[in-house]
Undergrad: 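Sharing a structure below in structure tokens format, with a few things to ask.
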Amino acid sequence: MENFEFSNPVKILFGKGQIANLKNEIPDESRILLIYGGGSIKANGVYDQVKEALAGLFVIDFSGIEPNPHYETCLQAVNIIHSQNINFILAVGGGSVIDATKFISAAACYKGADSWDILEKHTSIAEAVPFGTVLTLPATGSEMNSGAVITRASDKNKLAFASEKVYPKFSILDPSVTFSLPAKQIGNGVVDTFVHVVEQYVTYPANALIQDYFAESVLKTLLLEGPKALQAPHDYDVRANLMWASTWALNGWIGIGVPNDWATHGIGHELTAFYGLDHGQTLAIVLPGVLRVLKEQKAEKIIRLGEQVFGIYNNLSHDERIEYTIQAIESFFEEMGVKTHLSDYGLGADAVEAIYERLKSRGWKLGEKRNITADLAKEILLTRL
Ligand code: NZQ
Ligand code: ZN
């Protein structure tokens, strides 16, 4: 195991009815900006629950955060924070609303000339407006981590930043608010969670057994519960297991002390930025390609994944075990309703070329061995036509 330092300060309030406890977590004198998305919280009753829980406090609404949140929209919220002397933010929504809130909270306190530098140059963040979250879509883990991904719509740039200043103060996870998710978002969330685990687990062995067994437990939970959520959308226990799985997949714990990959996410973000695919869809396309093209580098962990999670055992050659494991992952994504090829989304070789050019201009070297250049990314995508 590699050395690490780690702390995760996010308080979790998990379970039915926890939104009612919101007020206990927010200082009385707060001037609150309530940030949400396109209106799902109004349709499913979450908005009313939140407003009731905040009764008597000063609250201004800011709605309209897009999926894959826009930098341009975030700047409008920053202006409101300044003009209304906001000193606490409440994010109510999925990863996009929470990520937007992280950026808004940092940008509102940013002293530099251009807050885009937080994303492009990773300038350090000295201060951020404190915020809490009410999660409505289990997928990103943003509710219990310090990262965010923001898109500048004007030039199709989707970039990430992380800072310990943007951990939520608390996150409320009530699985029953996820009953209203459309099937597409259930699938996306399960795929995203699955890929978060794989990016921290299917690298090369680091003899980190705690992390490996935890990673496998999250994956097994997804395999068991994901399809059930599609078949029985109002099963509370299924939703609870999926919600806690997605938080665990990216709250830091399984990724410490081990190599991390993140190439699938790096390539996937470009697909979203250029073609508007959902985050989960991009990952379902890219991951099988990364695993096939890097199968020797990742062989030991792919075989371990096959054995521990999918029950792919002996009497098979080394190559068969790897290939059957990758096929099992593809089948699972398809079972969750998330298509796994570029052509399923109307994309072809032109798209591969565009992503290649973008990655070449970025000059990134991705993957746990930093060997995934633009050329290798192109090779990966060409296996996914
Ligand atoms: O906008 P509203 O009306 O709320 O509708 C949303 C949105 O249309 C809807 N939705 C959310 N909860 C719902 C619901 N509909 C019905 N019932 C509910 N309970 O679902 C749609 C998608 O929401 P979004 O927040 O965009 O999805 P997700 O949580 O998958 O977030 C995706 C964003 O997170 C980033 C992605 O890149 C993408 O921008 N990520 C953030 C990460 C992080 N901070 O650690 C890591 C991830 O890898 C990811 O990159
Ligand atoms: Zn993700």
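The analysis underlying the following values was restricted to heavy atoms, covering all of them including side chains, and did not include hydrogens, waters or symmetry mates. Bear in mind that the values here come from a model prediction, so they are computed numbers and not experimental data. Counting starts at 1 for both ligands and their atoms, following the listed order.
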Undergrad: So Trp248 and Phe214, would you call those rings parallel, tilted or perpendicular, with 30° and 60° as cut-offs?
TA: tilted
Undergrad: How long is the span from the CD atom in Glu353 to the CD1 atom in Ile355, to the nearest 0.5 Å?
TA: 10.5 Å
Undergrad: Is the charged tip of Lys378 near the ring of Tyr356: under 6.0 Å from the six-membered ring centre and within 45° of its axis?
TA: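 Yes - Lys378 lies over the ring of Tyr356, closer than 6.0 Å to its centre and within 45° of its axis.
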Undergrad: Side chains of Leu291 and Lys298: does their closest heavy-atom pair fall under 4.5 Å?
TA: yes
Undergrad: Of all residues at least two apart in sequence or in a different chain, which pass the side-chain contact (heavy atoms from CB on, under 4.5 Å) check with Gln231?
TA: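 side-chain contact (heavy atoms from CB on, under 4.5 Å) list for Gln231, sorted by chain: Pro227.
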Undergrad: Among all residues two or more places apart in sequence or in another chain, which pass the ring pair (Phe, Tyr, Trp, His ring centres under 6.0 Å) test with Trp364?
TA: none
Undergrad: Just say parallel, tilted or perpendicular for the rings of Phe332 and Phe194, cut-offs at 30° and 60°.
TA: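 Taking Phe194 first and then Phe332, their aromatic rings sit tilted (interplane angle of 30° to 60°).
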Undergrad: Looking at Phe170, I'd like to know if the NZ or CZ of Lys11 sits under 6.0 Å from its six-membered ring centre while staying within 45 degrees of the ring's axis.
TA: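 So Lys11 doesn't make the cation-pi contact.
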Undergrad: Contact residues of ligand 1 with a heavy-atom cut-off of under 4.0 Å?
TA: Gly37, Gly38, Gly39, Ser40, Asn44, Pro67, Asn68, Pro69, Gly94, Gly95, Ser96, Asp99, Thr136, Leu137, Ala139, Thr140, Ser142, Asn145, Gly147, Ala148, Val149, Lys158, Val177, Ser180, Leu181, Pro182, Gln185, Asp192, His196, Leu250, His265, His269, His279
Undergrad: Should the pair Lys169 and Phe131 be classed as cation-pi, given the thresholds of under 6.0 Å to the six-membered ring centre and 45° from the axis?
TA: no
Undergrad: Return the set of protein N, O or S atoms whose distance to the Zn ion (ligand 2) is under 2.8 Å, each given as residue and atom.
TA: Asp192 OD1, His196 NE2, His265 NE2, His279 NE2
